[in-house]
Amino acid sequence: MPPLADLPAAYLAVERERDELKSVNGALKDEVATLRWQLEKLRKLVFGSGKSERLDRAQLTLALKELEAAVEAAERPAQAVSYERRAPAAERRPAPEKAFEKLPVQEVVVIEPEAVKAEPEAYEKIGEERTFEVEIVAPRLFKREIVRPKYKAKADRAQPPVIAPAPARAVPGGHASAGLLAWVCVAKYLDHLPLYRQEKQLARWGAQIPRSTLCEWIRIAADWLEPIYKAMLRRLLEGDYVQADETPIKCQDPDQEGLGIFQGYLWVVTRPGADVCFDWRTSRRHAEATTLLKGFKGLLQADGYAAYDALAAEAAEGEVVRLGCWAHARRKVFEAQGEDPREAGLILRFIAWMYAREKEWDQADKDAKRERDPAARAKLRQARFARGLAWLHARVLRLRERVRPKSGLGVAATYLLAQWESLALHLRHGQTRLDTNVVENDIRPTALGKKNWLFIGHPDAGKRTAILYSIIISCLRHGHDPEAYLRDLLTRLPTMNSKHDLGALTPSRWKAPTAAPTTTTA
């Protein structure tokens with residue numbers, strides 16, 4: 001107890017502390033009231049029957065969970081906790097010189113001191129300081145005039161006039177250059193810019209080009225590129241290893257009653273290091289996989305969708321071998337690890353260990369500047385993975401026996417065991433990757449596109465979408481600028497015939513022109 005002389009001061013300190021706690025308590029009550037109000041509003045929007053607002057149910061449910069957690073945290077009594085932790089590593093940003101090193105220098109501005117300008121003979125230069133700023137020139141439209149002079153023979157006036165033939169163009173009789181067609185395709189399928197936004201942009205740049213014309217240009221470009229697309233798909237199916245997947249995409253059919261919107265699918269076929277081929281289908285039936293991969297013989301890697309198992313079963317024995325995806329199996333365990341962190345952690349650590357070994361072997365091949373040897377990789381996997389996989393299989397069997405089938409870990413264990421044979425086959429085939437993540441990465445741009453242009457406008461446009469996505473995503477995979485590639489091909493293809501080797505123009509084999517074409521004015 002403090003001395004009597006100090007009691008007034010102690011009392012005042014307690015009063016101040018009480019007032020501060022009251023203030024904090026009032027603020028927390030206000031926060032709880034606000035959160036409860038927001039929570040009730042969201043509940044009505046998610047579960048109510050009102051149709052005045054159309055909101056995304058998934059986003060509302062996520063916001064509802066966040067608000068419920070916030071209310072619970074706000075109502076929980078506050079505690080003062082002190083602890084030490086490592087400071088986060090500083091974010092490493094590339095230096096400006098490194099970030100912009102590939103940009104050309106098109107303008108040099110020299111700024112002389114005023115004193116030197118006044119008396120240049122009184123100074124001598126001893127050095128200089130250099131810096132830079134990055135400038136941008138907005139896209140612009142311009143007309144390229146094509147002049148073909150006409151001549152008449154002086155000696156024989158009866159001869160017809162002489163004139164050079166008109167250059168072959170992607171749009172015969174039209175006004176769209178190969179560069180403009182390339183820009184429209186890349187803007188829609190890589191930058192996810194719907195045609196109505198392109199129409200507004202082009203108007204700002206000085207040309208009124210309706211959406212119907214832009215749509216027709218995309219059709220023309222896809223028609224020219226279709227032989228290249230077929231060569232890409234043919235080359236993939238002639239190999240002995242492919243990865244496959246599919247993604248839903250909405251389509252509007254004007255011939256159907258009502259809105260006419262149905263669910264279509266873009267099926268994807270590829271393999272590491274090769275081109276990527278999308279294929280438009282109006283359904284996800286098993287027969288779609290069969291017709292898409294018709295004639296293929298070899299290793300087919302995919303997720304657990306039954307269509308791929310059916311394809312392998314329908315083929316002659318040994319012609320098609322279906323392999324699984326370790327990323328899909330891992331993902332289900334990861335999502336359920338909260339139910340049993342220890343058990344899930346053991347499974348996840350073993351899968352991570354396999355990936356680490358694969359990364360080491362890939363790096364060794366890269367350092368030695370050699371291609372992967374499938375036979376050697378298969379031996380490495382058998383030597384390092386076989387015993388661990390046997391342990392994992394036994395552990396997952398025990399896990400399935402002691403957890404509820406409908407629990408997260410129960411579903412993960414059931415999936416892993418159902419796919420076990422296809423997952424274990426990676427031991428025998430060294431050319432495969434452990435997962436199909438490369439396919440999922442190729443699909444990701446289509447998801448961004450769907451959020452912007454919402455749906456394919458006609459079933460016939462689905463094929464064009466598949467062709468252009470195949471070309472553009474393949475260009476990105478091989479490090480090509482898609483716009484430069486399309487500009488080059490839409491310039492060259494109109495001048496070619498069936499005798500030319502179109503296989504050399506696929507993104508995996510294409511070589512950029514040594515010099516860009518120049519514009520000649522007269």
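What you are looking at is a predicted structure, and each value in this text was computed from that prediction instead of being measured. Hydrogens, waters and symmetry mates play no part in the numbers below; they use all other heavy atoms, side chains included.
In this structure, Asp435 contributes its side chain and Asn437 its backbone to a donor-acceptor pair below 3.5 Å. Side-chain N or O atoms of Thr213 include none that pairs as donor or acceptor with a backbone N or O of Ile209 at under 3.5 Å. When atom types are taken as modelled, the side chain of Arg372 and the backbone of Gly430 share a donor-acceptor pair closer than 3.5 angstrom. For the pair Arg395 (side chain) and Ile347 (backbone), a donor-acceptor distance under 3.5 Å is absent. With hydrogens and angles ignored, the 3.5 Å screen pairs a side-chain donor or acceptor of His458 with a backbone N or O of Asp460. Thr491 places a side-chain N or O within 3.5 Å of a backbone atom of Arg487 that can act as its donor or acceptor partner. A donor-acceptor pair under 3.5 Å links the side-chain atoms of His426 to the main chain of Gly324, judged by distance alone.
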Check the pair Glu360 / Arg357 against salt bridge (charged side-chain N to carboxylate O under 4.0 Å, His left out), numbers first and verdict last.
CA-CA 5 Å; Glu360 288 177 5; Arg357 300 292 78 73; 2.7 Å; yes

Verdict with reasoning, Gln198 to Lys188, per side chain to side chain contact (heavy atoms under 4.5 Å, CB included):
CA-CA 8 Å; Gln198 294 188 36; Lys188 179 171 182 180; 3.6 Å; yes

Assess the residue pair Leu323 and Tyr241 against the criterion (side chain to side chain contact (heavy atoms under 4.5 Å, CB included)); give the C-alpha distance rounded to whole Å, side-chain angles, the decisive distance to 0.1 Å, and a yes or no.
CA-CA 10 Å; Leu323 292 96; Tyr241 171 44; 5.6 Å; no

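Geometrically, Arg284 engages Tyr305 in a cation-pi contact defined by less than 6.0 Å to the ring centre and at most 45° from the axis.
Contact record, Arg402 with Glu343: NH2-OE1, 3.3 Å, taken as the closest heavy-atom pair. Considering all non-hydrogen atoms of both residues, Leu237 and Leu293 come closest at CD2-CD2, 3.7 Å. Among all heavy-atom pairs drawn from Thr436 and Gln301, the shortest one is CG2-CG, 3.7 Å.
A salt bridge links Asp488 and Arg492; the closest N-O separation between the charged side-chain nitrogens and carboxylate oxygens is under 4.0 Å. A salt bridge links Arg285 with Glu288; the closest basic N to acidic carboxylate O contact falls under 4.0 Å. Using a 4.0 Å cut-off between charged nitrogen and carboxylate oxygen, Lys297 and Asp240 do not count as a salt-bridge pair. Using a 4.0 Å cut-off between charged nitrogen and carboxylate oxygen, Asp223 and Arg464 do not count as a salt-bridge pair. A salt bridge is defined here as a Lys NZ or Arg NE, NH1 or NH2 lying under 4.0 Å from an Asp or Glu carboxylate O, and Arg509 with Asp501 meets this definition. Residues Lys230 and Glu226 are paired through a salt bridge, judged by an N-O separation under 4.0 Å between the basic side chain and the carboxylate.
The side-chain heavy atoms of Leu193 and Gln201, taken from C-beta on, include a pair separated by under 4.5 Å.
For the side chain to side chain contact (heavy atoms under 4.5 Å, CB included) test with Leu409, the passing option among Gln337, Lys332, Glu335, Glu339 is Glu339; the others fail. Tested against Phe278, the residues Thr270, Ile473, Thr465 include a single side chain to side chain contact (heavy atoms under 4.5 Å, CB included) partner, Ile473.
Thr291 and Arg281 form a side-chain donor-acceptor contact under 3.5 Å, judged by distance and modelled atom types alone. A donor-acceptor pair shorter than 3.5 Å can be found between the side chains of Tyr229 and Asp279. Side-chain N/O atoms of Ser508 and Arg235 include no donor and acceptor closer than 3.5 Å. Using a 3.5 Å distance cut-off with no hydrogens or angles, the side chains of Arg322 and Gln419 do pair a donor with an acceptor.
Ring geometry for Tyr308 against Trp267 counts as perpendicular: the plane angle is over 60°, on a 0 to 90° scale with 30° as the lower cut. Ring planes of Tyr469 and Tyr189: perpendicular class, angle over 60° (limits at 30 and 60°).
Taking the six-membered ring for Trp, Trp326 and Trp353 have ring centres at least 6.0 Å apart.
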